[in-house]
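Report on the following structure.
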Amino acid sequence: MSQVQLQDFEIVAREDLSPATFLLEVRHPLMAKAARPGQFVIVMSHAEGERIPLTIADFDRERGTITLVIQAVGKTTREMQQGCSVGSTLYGLVGPMGVPSPIGHARKVVCVGGGLGVAPIYPQARGFKQAGAYVIGVLGFRSRDLVFWEDRFRACCDELILCTDDGSAGLRGLVTEGIRQAISQHADIDEVVAIGPPVMMKGCADATRPHGIRTIVSLNPIMVDGTGMCGGCRVKIGDEVKFACVDGPDFDGHKVDFDDLMTRLRRYRSEEQAALQRWSEQCRLLGGR
Amino acid sequence: MAATKKKTIRTIPQRRTSAREQEPAARVKNFTEVTFAYKAEEALVEAERCLMCPDQPCVRGCPVGIDIPRFIEKISQKNLRAAYDVIGETNLLPAVCGRVCPQETQCEGVCTVGDTLEPVAIGRLERYVGDTAIENGWVNNPYIEPNGMRVGIVGSGPAGMACAADLAKAGCEVTVFEAFHQPGGVLRYGIPDFRLPNAVIDAEIENLRKIGVRFECNTLVGRLFTIAQMRDEMGFDAVFIGTGAGYPSMLGVPGDSLNGVLSANELLTRCNLMRAKDFPNVDTPMPLGRRVAVIGAGNTAMDAMRVCLRLGAEKVACVYRRSRAEAPARVEEVHHAEQEGVEFHWLAAPVAVLDDGKGSVRGMRCVKMELGEPDSSGRRRPLAVSGSEFDFECDQVVYAIGTNANPIIGQTSKLRLDKRGYIATDGDLATSMAGVYAGGDIVTGAATVIEAMGAGRRAAASIKAYLGLGDATAEASPQRLFGIPSGERNYARVRIA
């Protein structure tokens, strides 16, 4: 491997999983080889774009690709939803970042994914299954028509508990209901891994705390570089301050100060809203949606 | 030597030629460069001030040992190309170093003229030559005979650039890996445009490309591939690590995590690399403060303060626990910041950042300090004056209190580290892994651009020796390359608490 080519990363497949969620498979053979569950990348969609952290949802060493699942919520992600087609390229893609999740010796684990956390929990569930664990998947969606990757999860989970807000599929309620069900049926759960919005991960940590079950969460604070340089992603873990990008992103959910995380995630809310509004108006002017 | 009559301290121009600057009131509204380059006639006058003394203390004062009297003589002879070639023998980045070196503690600090008058403005002359070279597209572009050796360099900052240049000139195939999407390291993300324009960095990178150096961005070495893989699987015969010391220190006082508290690294990276000052025309938002307190008084602190002023802050205050005399920033930077309206609180240390009740900053509580006995750095230790707490209002707090070793290489390799997490090296900058060398801030802790370049060059000499490439002249004396007393070497390391 004498020549490496590390710019303009080609999108080789795209799948729209729901009106707001889409999947991109991007060619990057080196990263496909290096990536491990729990790691993330920083994407810059174009030269004037911002650097956004995205968890690696899957990697295929044979195809030489990594998979990202993106929720279109702000300006950058909506713009990507509109513009990222097969054959187009991403301006910047760097990673895999962060300390890989320790797929340890747990014999029975619950892998919990909700919202934007459904995709990134998948490589963990698969990793645990490959390591010989009994894997219980708990996935949360708003309703039945937003469910995706059920087949992928069924292939690597010994049990799968679907939760929907409206009860249109599986249990009615949040993923915490699913965790409670799993705990009530299995007294020997070694570990819970939860990925999703901070409020969900907080709920998961609260649900397992009384049972003393080790609970790992993957944090998603605001980042610029992702390499330990800006400190924007600092989080409070017990008495310590850690940088999610290089010390995490996985941390002990029972020690994370989620309120601090949620406050800090609001730091740029007004700028984010202004950018989204401005972009939406431009799209209208250009005769877009 | 030009046949002129011998100059004496009485015959040379007595006053140092001042460099023209943008007026403070105008420049705080823009990001264009504060200090203008010398005009040709100004440079000639200033060059006249060099006595060509036989002792040449300036050369010893320079971390890379530039032959300063000789390049100044070439300026006097109006042969700028030759002046550029003289500098190019030892320094790859004259346009950068002329701007950002702390000349007052290096070459100019020991200048013979400076014993009686103001020292020769060596930095400004160096910049003049560097800028002229860029304008004319000059490059020291020798014929290079490839030697078949491949060297991988981790980090594209000053250490990596200097190492790459020397190895490329020796005929090695050099690839530089950078984690960001653009090369340049601290020159790119850290130093603002008004002090070092991007065009200068682009020109210097382009010069490296012209001598065959490849830059690969978007590459996080350690995680994408490891140092061991570079050596054992990717076919690099040697590796140089120059990743810098970018992990910012936080203060560790109550209120540290409030919104509105950020590291100078974050502020500067958003503004410089991500161009967030142009938000919303670019997508990265900029944290704007109305009243900003910057903690620390190094060059990074000065840069952060002056960026905040340019972004429209009403008031910017510098809080430093020692006095002005101990401030580690270049004298010119403190002077410029003062001219632009920064309010200095010397001998004050933060005790807490105050919460507005909604998770954002409403002010800062400080305590007055006094100076006690000298500490290990040789500077007088600041001590808190009990009962002297005072509050002041601000909505943004920027920490510029130094940085620590970046942990990624340590996490992903078996390299031996020192107690503080920096990479341990021997006198040749060899690490504990054969064929792997390291230099710059990742070895010494935070220092200066020119010291990092000196380390990069020293490592290049060691790598050439390791690869068996005969080039005796490259073996410069380590003493001279690190010709700064060790106490001062880390002077940019400011830490509170």
Side-chain angles (χ1 to χ4, degrees), chain A residues 1-7 9 28 30-31 33-35 39 42 44-52 75-76 79 91-100 224-232 234-236 241 243 246-247 257 259-260 262-264 266-268 270-272 274-275 278-279, chain B residues 150 173 175 177-182 189 214 216-220 223-226 229 233-235 243-244 246-250 252 256-260 262-263 265-270 273-276 278-288 358-360 399 403-404 406-408 411:
Chain A
M1 204 215 56
S2 65
Q3 295 286 304
V4 264
Q5 180 69 37
L6 295 157
Q7 57 187 31
F9 304 91
H28 197 317
L30 271 178
M31 202 183 310
K33 196 173 140 206
Q39 291 188 298
I42 294 242
M44 248 180 113
S45 55
H46 55 81
E48 284 79 40
E50 58 181 333
R51 295 168 65 90
I52 57 166
K75 190 253 176 183
T76 297
E79 194 180 46
Y91 170 76
L93 174 64
V94 57
M97 290 164 154
V99 181
V224 183
D225 58 285
T227 63
M229 272 183 34
C230 78
R234 62 191 187 276
V235 287
K236 285 188 190 167
V241 173
F243 288 3
V246 289
D247 300 319
D257 184 339
D259 295 332
D260 178 70
M262 286 187 271
T263 304
R264 290 181 56 76
R266 287 196 291 271
R267 173 68 181 92
Y268 292 101
S270 63
E271 286 87 350
E272 286 160 5
R278 186 171 177 271
W279 179 75
Chain B
R150 298 183 65 233
E173 186 190 323
T175 306
F177 296 103
E178 164 61 44
F180 273 130
H181 49 284
Q182 287 180 350
Y189 74 75
R214 279 170 59 95
E216 288 288 0
C217 293
N218 296 303
T219 309
L220 184 63
R223 293 281 173 208
L224 188 61
F225 43 80
T226 62
Q229 282 177 300
E233 296 171 25
M234 294 170 67
T243 49
Y247 193 95
S249 301
M250 301 312 274
D256 253 2
S257 71
L258 291 172
N259 281 332
L262 71 164
S263 72
N265 262 8
E266 177 173 357
L267 181 95
L268 293 171
T269 303
R270 283 179 184 270
L273 176 77
M274 303 309 294
R275 323 308 293 167
D278 299 326
F279 179 85
N281 291 320
V282 301
D283 293 341
T284 305
M286 193 71 218
L288 297 174
K358 288 177 276 187
S360 295
Y399 289 168
T403 52
N404 295 307
N406 189 295
I408 294 175
Q411 284 170 345

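Residue numbers start from 1 in every chain, and the chains themselves are labelled A, B, ... in the order their sequence lines are given, proteins ahead of strands. Any value given below was found using the heavy atoms of this structure, including those in side chains, with hydrogens, waters and symmetry copies removed.
- In terms of heavy atoms, A:Asp260 sits closest to B:Ser257 at OD1-OG, 2.7 Å.
- For A:Asp225, the parts lying near chain B are the backbone and the side chain together; criterion is any non-hydrogen pair under 4.5 Å.
- Annotation: maximal heavy-atom pairing with chain B below 4.5 Å, among A:Pro100, A:Gly226, A:Ala35, A:Gly98, occurs at A:Gly98.
- Using a 4.5 Å cut-off between heavy atoms, A:Arg264 contacts chain B through both its backbone and its side chain.
- Contact of the A:Leu93 side chain with the B:Asn218 side chain is not registered, since no non-hydrogen atoms from C-beta on lie closer than 4.5 Å.
- A:Arg234 touches chain B through its side chain: at least one heavy atom from C-beta onward sits under 4.5 Å away, while N, CA, C and O do not.
- Comparing A:His28, A:Lys236, A:Arg51 by how many heavy-atom pairs each has under 4.5 Å with chain B, the most go to A:Arg51.
- Contact record, B:Asp283 with A:Thr76: OD2-OG1, 4.1 Å, taken as the closest heavy-atom pair.
- Nearest heavy atom pair, residue B:Met286 against residue A:Tyr268, reads C-CE2, 4.2 Å.
- With a threshold of 4.5 angstrom between heavy atoms, B:Tyr399 does not approach chain A through any atom at all.
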Assess whether side chain to side chain contact (heavy atoms under 4.5 Å, CB included) is satisfied between A:Glu48 and B:Arg275, documenting all intermediate values. CA-CA 8 Å; A:Glu48 284 79 40; B:Arg275 323 308 293 167; over 6 Å; no
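- Ranked by heavy-atom pairs under 4.5 Å with chain A, the list B:Gly260, B:Ser360, B:Ala276 is led by B:Gly260.
- Contacts of B:Asp256 with chain A are made by backbone atoms alone, with heavy-atom separations under 4.5 Å and no side-chain atom involved.
- Note that CE of A:Met229 and CG of B:Leu273 are 8.0 Å apart. Values are rounded to the nearest 0.5 Å.
- Put simply, the side chain of B:Phe225 does not reach to within 4.5 Å of the side chain of A:Lys33, judged on heavy atoms.
- Both the backbone and the side chain of A:Met31 have a heavy atom closer than 4.5 Å to some heavy atom of chain B.
- By number of non-hydrogen pairs under 4.5 angstrom with chain A, the leading residue of B:Gly359, B:Gly244, B:Gly246, B:Ser263 is B:Gly246.
- Your options are B:Thr226, B:Thr243, B:Asn281, and the one with the most heavy-atom pairs under 4.5 Å with chain A is B:Asn281.
- Side-chain contact between A:Met44 and B:Met274 is present, with at least one heavy-atom pair separated by less than 4.5 Å.
- B:Pro248 approaches A:Gly228 most closely through the heavy-atom pair CD-O, 3.4 Å.
- For A:Val235, no part sits under 4.5 Å from any heavy atom of chain B, backbone or side chain.
- For a residue to count as touching a neighbouring chain, one of its non-hydrogen atoms must lie under 4.5 Å from one of that chain's; by this rule B:Ile408 touches chain A with the side chain only.
- Contact of the B:Glu178 side chain with the A:Val94 side chain is not registered, since no non-hydrogen atoms from C-beta on lie closer than 4.5 Å.
- Note that CD of A:Gln39 is 9.5 Å distant from CG of B:Leu220, once rounded to the nearest 0.5 Å.
- Among A:Val99, A:Ile42, A:Val241, the residue with the largest count of heavy-atom pairs under 4.5 Å with chain B is A:Val99.
- Across all their heavy atoms, B:Ala179 and A:Thr227 have their closest contact at CB-CG2, 4.1 Å.
- Residues passing the side chain to side chain contact (heavy atoms under 4.5 Å, CB included) test with B:Tyr247 are A:Phe243, A:Val246, A:Asp247, B:Asn404, B:Pro407, sequence neighbours excluded.
- Looking at B:Thr219, the atoms closer than 4.5 Å to chain A (heavy atoms on both sides) sit in the backbone and in the side chain alike.
- Contacts between B:Leu258 and chain A at a heavy-atom distance below 4.5 Å involve the backbone alone (N, CA, C, O).
- Interatomic distance, CG of A:Leu30 versus CE of B:Met234, reported as 6.5 Å (0.5 Å rounding).
- When all heavy atoms are compared, the tightest approach of B:Pro285 to A:Glu50 is CD-OE1, 3.9 Å.
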